[in-house]
Each structure stands twice: as C-alpha cells, then as structure tokens.
Amino acid sequence: MNADRTDPAVLREAIAAELQTARDRTAALTDCVDDRDLTAQHSPLMSPLVWDLAHVGNQEELWLLRNVGGHDPMHPEIDPLYDAFEHSRAERPGLPLLPPDEARRYAHEVRGRVFDLLEASPLEGAPLLDAGFAFGMIAQHEQQHDETMLITHQLRQGAAVLAAPPPPAAADRLPAEVLVPAGPFIMGTDTEPWALDNERPAHQVDLPAFRLDTAPVTNAAYQEFIADGGYLDPRWWTAEGWTHRMQAGLSAPLFWSRDGGQWLRRRFGTVEPVPPDEPVLHVSWYEADAYARWAGRRLPTEAEWEKAARYDPATERSRRYPWGDQEPSAEHANLGQRHLQPAPAGSYPAGAAPCGARQLIGDVWEWTASDFLPYPGFTAWPYKEYSEVFFGPEYKVLRGGSFAVAPVACRGTFRNWDYPVRRQIFSGFRTARDAEDA
Ligand SMILES: [Fe+2]
C-alpha cells in the first residue's frame, strides 16, 4: 500500500483493487480443476482446495461483515468447519464441507456485501478501520491462502493445469557476497499501515559486520553439496536435523529425482531438468542449515536478513523494500505468481538492496537462523492466533516471500514461520558469515 493513500476515496479504490486481485487469483487456482480435484486431498499436509475457497469467505465475513460492519452471521452453522484451529488439515476432507458451487456462491455473496460496507466505511475512527487495516488484513489473508493453494497444486499428481511465462533471465556477473557494515538499524515497523502484529514495533538492533550471499543459493551449488556427500555426513547437520534426515530418508530437495547422470524435478505437473542457475527450492531448514555448514558458512539471522534488505547507509533509515519505498513492480521482484518458478540467481537489478544483494524480495522464501519470537514490546493484534500462539523455538523464520507471494502480503518487514522439517513450501535460502575483518 502506498503511504499517500490518505484520501479515503483513493484508499477505498486501492482496497477494492487488492480484494479483486486476490479473488481473481483464487478463481484462477480453483477454476482450472474439476470438482473431484477440488474436494480431493492431494496431501495430508494440505486442505482440499474447496476448504480454502470457503475459508477465505468465512474469514472475510467474520472480520469485515461481523466485526467491522456489525452484521449477523450469515451461516453460523458452518463457522466451526472453517476455523483453522478447530480441525487439522488432515481432518478437513472428512468434514461436511460446502460443495464447490456453494463455496463459490458463499464467498461471492460475502464479497458483494463487503463492497457495500467498503463504500460506506469512513476507514478511520477505530483501530480495525484506520488506514483500512482490516480490509488489508483480509486481502493478505486471501493471498496467503492462494499461496497455500499453489502449494497444493505442486503436490497434486496429474497433468499440468497452470501456465505462466518464464521469468526474466539474469545477465549480470556478480560478486558472490556483499558486505553489510557494522552498526545499528531499525528493525520492524510502526508506520506500515497493513503490517501485521509480529512485524511491530520498530526497534533498534545493533549488528556486527557480516557478509551475505549476493543471491540465493542455486541448484548448481546445492548439487555440489549432494555430490560431495553432504546428505551422508552427520558433521554438517544438527543432531535433530540428522535424526530427521535419516528418518525421512532425505537425499535431495523435495520433487527432485535422479535420471542417469542428471537431476530432474517435478514442477506443477511437468518433469524437467533442474535448471542450474535457479535458486534451490523445496528444502527444509535442516537441509539449508547443513548446506551452510558444509560451505563453511551459516544461515543469516533474521535481523541480518532485514538489515541487508532495508538499511540504507546514505540516509541511515530502513526502507520499505530493498529498492526503496515504491510498491513492487515487475522490474523489482518475482512476486504474485506472475511466473511459476524463481528467476535465475542474480536477476532483478532494479530490485537490488543498498548493500548490493539481489532477490531478497520474491523468488524463494529464505530460511533464517532465527526462531520465531516476538519483538520487544509486542502486542497481539487483532487476535492472539495470528502470531502469538506460534512464538517459540519450534518454528524458524523465513523472509522475503517467493514467486507465489502477492505484493500486498510481502514487504521488508514481513515475517513468515514454519517447522524446520517443512519443504513443500516455496523455500530456499542464502548463506552468511561474520566479517571480523570489515
Ligand atoms: Fe486462514
């Protein structure tokens, strides 16, 4: 969202556009498969697509129509079916879910009433309304489920149903790493109007100098780790990581297979050779961490990642995005499912950070060394289940968004978190090292 949307008419239009963009994407992800596919569970890790479809409508009804608009529930009997905390993903196919047509009709009806509410709303005067926060939260929520649905598509067996042009090719030859000098910077935000509770408040963090990979680790580099026996040597793995690697039988990123002398991967229903220059995708935190140790390096902390992405030494302030404060465009970053894969490492020169790092936003979610913890002075808002219940050492933070993340749900302060074993997500990483010499 642009900072200059102080005129309610402009803000209203921007909110309507974000809601529509999210709904168009939801439709694109669910209209391309038949009802059998929509109601099937493609992996125990995921909900059936038809659950996501009605859940986005249900959350929109709950937050916008009921909490903001004061409306009565439209169908109170379905609320428990779509409460993400009431039923695990594995249980959801067994629930009496709305069939696809009814789920679409319900979400459509909610949206019609939301547009009426938006038209009449002053978009100020209450914390949920200020700067259209609740509307922004709902647009982000739907886009996050669109990313989840894209993961379901990746796990789904069968012929390809999605298509997109390839991302732009990288042309530049870049140094392997960049230097981020020592010193304090402001992490998190007090001013980003649609930032979620875990991104707040802004606070100063002082870091020693460090060096960071200019771009995410590539498939070619990761293949060297495999070829060097990285998966066979417990030296590179944490104790839990090694136990998991043995139990799960990990030997390569998810969706990879070996065909004679080359690695293949399955990507949204198409099997193809693994492209060497592309950032590695579908690796767990344990694999990322093991690779970093093998390379004589480490994963960056979350604070290091954010300083590299946001800190501008010329002005001594933190930017909204690596390239500045402007909204992401197609020149800046690979976002919004514009492409169905990451761009080659070193792409997007217009999206470079002041330190010179590329692709911090978009392409692949980047695992960091950090546990998901609250910032000093954290307050849960607008509900504890958004972040607070997840704080703790069992989740690792990912930063920067992937090609599957919409611009509205991505910014320099945005934090994602997941279990260190997860790899069906669009996860990659880059590595860092201390720079005692700097
Ligand atoms: Fe949700």
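Throughout, numbering of the chain's residues begins at 1 and tracks the sequence. Values below: every heavy atom of this structure, side chains too, minus hydrogens, waters and symmetry copies. All ligand and atom numbering here is 1-based and tracks the order in the structure.
The pair K384-E388 does not count as a salt bridge, with every side-chain nitrogen at least 4.0 angstrom from each carboxylate oxygen. Classification of R320 and E327 as a salt-bridged pair holds, one side-chain N sitting under 4.0 Å from a carboxylate O.
In plain terms, the two heavy atoms of N198 and S387 that are nearest each other are ND2-OG, 3.1 Å.
Listed by chain and residue number, H55, H145 satisfy the ring pair (Phe, Tyr, Trp, His ring centres under 6.0 Å) test with H141 (two or more places apart in sequence, or in another chain). Applying the salt bridge (Lys or Arg N to Asp or Glu O under 4.0 Å) rule to R12 yields no partners; only residues at least two apart in sequence or on another chain are considered.
Every pair passing ring-ring contact (aromatic ring centres under 6.0 Å, His included) that includes a residue from residues 87-121 is listed here, sequence neighbours excluded: H75-Y106.
Around the Fe ion (ligand 1), the protein contributes the following N, O or S atoms at distances under 2.8 Å: H55 NE2, H141 NE2, H145 NE2.
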